[in-house]
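All of these numbers come straight from a predicted model, not from anything done at the bench. Naming convention: chains lettered A, B, ... in sequence-line order (proteins, then strands); numbering from 1 in each chain.
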Amino acid sequence: MGRKILTVDDSKTIRMIVARAFKKYDLEILEAQNGVEGLAVATREKPDLIILDYTMPIMDGFEMLTKLKSDPELKPIPVIMLTAEAGRENVMKIAKQGVRDYLIKPFKEELIIERVARVIDLKPRGESVSKVRRYDDALDILVVDDKPAIVEQIAGGLKETNWKVEGSSTTSQAIERCARKVPDIVLISLSLPENGAFTLFQMLRAGARTKIIPVFGLSVKTAAEDQARATQVGFTGIVTKPIDFEDVKIKITRALGLDTSFKYFSHKDGLLHLKLPAAFTPSVSNDIVTNLRNQLTEAVESGFDKMLIDMSAVNNADITLIKLGLSSLQLCNELGLKAALIGSPAVTKECRNYEETKDWRFVATAEEALTLMQSGTAVAA
Amino acid sequence: MIDDLEELVKAAVGEVFSTMLAQQIEPEPPNSPVVNGDATIAGSVGFIGNLTGIVYLYLPQGFAVRLTEKLLGISPQSVESEELVNDSVGELTNMVVGHLKSRLSDRGRSCVMTIPSIVRGTNFCIEPVSSTIRRLLTFRSHEHQVVVEILMRPDTSS
């Protein structure tokens with residue numbers, strides 16, 4: 001279940017209308033009949049949003065709002081007032097209490113959905129279990145920089161991916177672009193004139209469709225003040241110039257939760273195959289570790305009972321490689337998978353020198369590994 | 001007294017029916033006869049402050065059930081209880097009075113609304129004390145008559 005909305009109204013009719021309006025979204029709708037119940041539910045459930053009536057018995061909406069805003073734990077919960085009383089005086093009174101928005105009864109369902117979507121991200125029911133996006137899926141990246149060379153450089157640096165890079169040179173161009181088509185990622189130069197990066201960031205965060213887009217600040221390494229400010233206001237991260245594109249790919253992958261497992265794991269000849277790339281870095285290792293347990297568990301559930309850990313492309317048995325090898329073998333052991341190792345000559349040789357790896361037995365090919373595992377010979381002591 | 005009170009009420013009823021129910025409702029000519037004798041549900045909401053009074057919304061019972069179905073988007077079988085119909089009629093009355101109150105509030109006539117209440121019956125009428133101002137407005141929504149009655153204490157503020 002996704003987010004929670006608490007609707008506080010003495011009318012069952014209104015509570016039912018609100019519940020019906022959000023039926024198609026991945027939301028849990030909580031209900032309370034008055035302010036006292038509303039505060040109790042808010043304290044217990046910590047909803048992401050409260051839709052609050054004004055006139056109610058026992059405790060009215062104004063009193064509940066006052067109590068809510070004086071409680072440090074409940075204060076941050078955004079509140080939308082839903083009231084039949086829309087006079088100027090009333091609206092001013094409500095606004096002073098720090099409500100996010102207010103809606104006047106009578107109201108159309110579409111209107112309440114629109115107002116709620118300005119505050120929280122509404123996902124259609126079922127979307128949350130949809131397929132996770134992969135690293136090789138097409139992505140739309142917007143770079144907002146007044147220097148076209150930077151946009152070109154980023155496009156060039158990411159050309160091996162399926163990610164499309166588009167540039168905007170001003171904040172107004174960027175806003176127009178986001179209104180036309182919402183990008184997956186935004187990179188904004190922190191040195192845009194007139195505080196442009198921060199203004200644009202606030203505008204993106206205020207938009208219902210753009211508020212969840214990961215936004216990275218682009219900055220030279222020495223602009224520490226800008227970077228600190230960006231981090232403080234909530235930028236997803238900082239990309240420093242000169243740009244390290246491997247780092248950018250990792251940051252984007254993490255920000256969007258992209259599935260990278262297919263880069264390392266495959267199923268071949270009845271084996272779960274883990275192939276380490278030649279450029280085996282700590283980031284790659286982290287990427288593999290993140291996917292390791294899931295991949296092995298799925299393999300076991302699908303009937304696989306053997307795993308091949310292929311280090312043949314790696315030329316250096318450093319601590320990162322050894323740690324990954326140890327955790328992979330331990331997990332195989334836990335799950336009852338037989339494991340075999342393929343190593344390059346350098347890795348095979350270096351592993352004999354370490355206490356933790358001196359008993360690892362490497363083979364040269366997958367066929368050899370399969371024979372070894374079928375014979376029941378242990379890979380590592 | 002509010003000179004255009006009747007126009008404000010007509011606008012409020014029209015707005016609530018069109019927005020919440022997508023239902024057409026038209027004011028009947030002044031002094032149209034009130035159909036009586038059918039089972040009726042009356043929602044009432046009071047207001048107290050610079051202006052003090054009460055508004056009743058009378059609906060034929062069968063029509064009130066159909067409006068409840070429409071308001072909540074549920075099937076006739078799902079309107080399982082009188083309580084749900086009462087609540088819906090109460091809420092419709094609340095919205096009409098809220099709309100009216102907002103217009104009055106913008107003119108400096110602030111007041112506080114009461115919680116809706118419901119009366120069910122046949123052939124009943126409200127008899128205000130003689131000093132109370134009474135306005136009766138009738139509306140037609142398809143074949144059904146809807147009646148709005150406003151009772152107000154005479155305005156002493158001006």
Does the distance from a Lys or Arg side-chain N to an Asp or Glu carboxylate O, for A:Lys105 and B:Glu91, drop under 4.0 Å?
yes

Any chance NZ of A:Lys67 has more than 12 other-residue heavy atoms, nucleotides or ligands included, within less than 6.0 Å?
no

A side-chain contact here means heavy atoms from C-beta on lying under 4.5 Å apart; do A:Phe107 and B:Met20 qualify?
yes

Working to the nearest 0.5 Å, report the span between OG1 of A:Thr13 and CD of B:Glu83.
10.0 Å

Minimum heavy-atom distance B:Ser102-A:Ala84, with the two atoms named
OG-O, 3.7 Å

Take A:Ile104 and B:Glu15, measure what side-chain contact (heavy atoms from CB on, under 4.5 Å) needs, and give me the verdict at the end.
CA-CA 12 Å; A:Ile104 308 300; B:Glu15 176 73 13; over 6 Å; no

Interface residue of largest heavy-atom contact number with chain A, from B:Val16, B:Leu72, B:Val112, B:Val96, under 4.5 Å
B:Leu72

Above 12 or not: heavy atoms from other molecules or residues under 6.0 Å from CE of A:Met59?
yes

Atom CD1 of A:Ile14 and atom OG of B:Ser88: how far apart are they, to the nearest 0.5 Å?
8.5 Å

What's the spacing between B:Asn86 CG and A:Ser11 OG if we round to 0.5 Å?
11.5 Å

Are any of the side-chain heavy atoms of A:Lys12 and B:Leu84 separated by less than 4.5 Å?
yes

Quick check: are there more than 12 heavy atoms from other residues, nucleotides or ligands sitting under 6.0 Å from NZ of B:Lys70?
yes

Step through the shown structure and confirm whether more than 12 heavy atoms of other residues, nucleotides or ligands are within 6.0 Å of CD on B:Gln24.
no

Between CG on residue B:Asn94 and CG on residue A:Asp9, distance to nearest 0.5 Å:
8.5 Å

Contacting moiety of B:Ser18, where chain A heavy atoms sit under 4.5 Å
backbone

Just checking A:Lys46: does its NZ atom have more than 12 heavy atoms from other residues, nucleotides or ligands closer to it than 6.0 angstrom?
yes

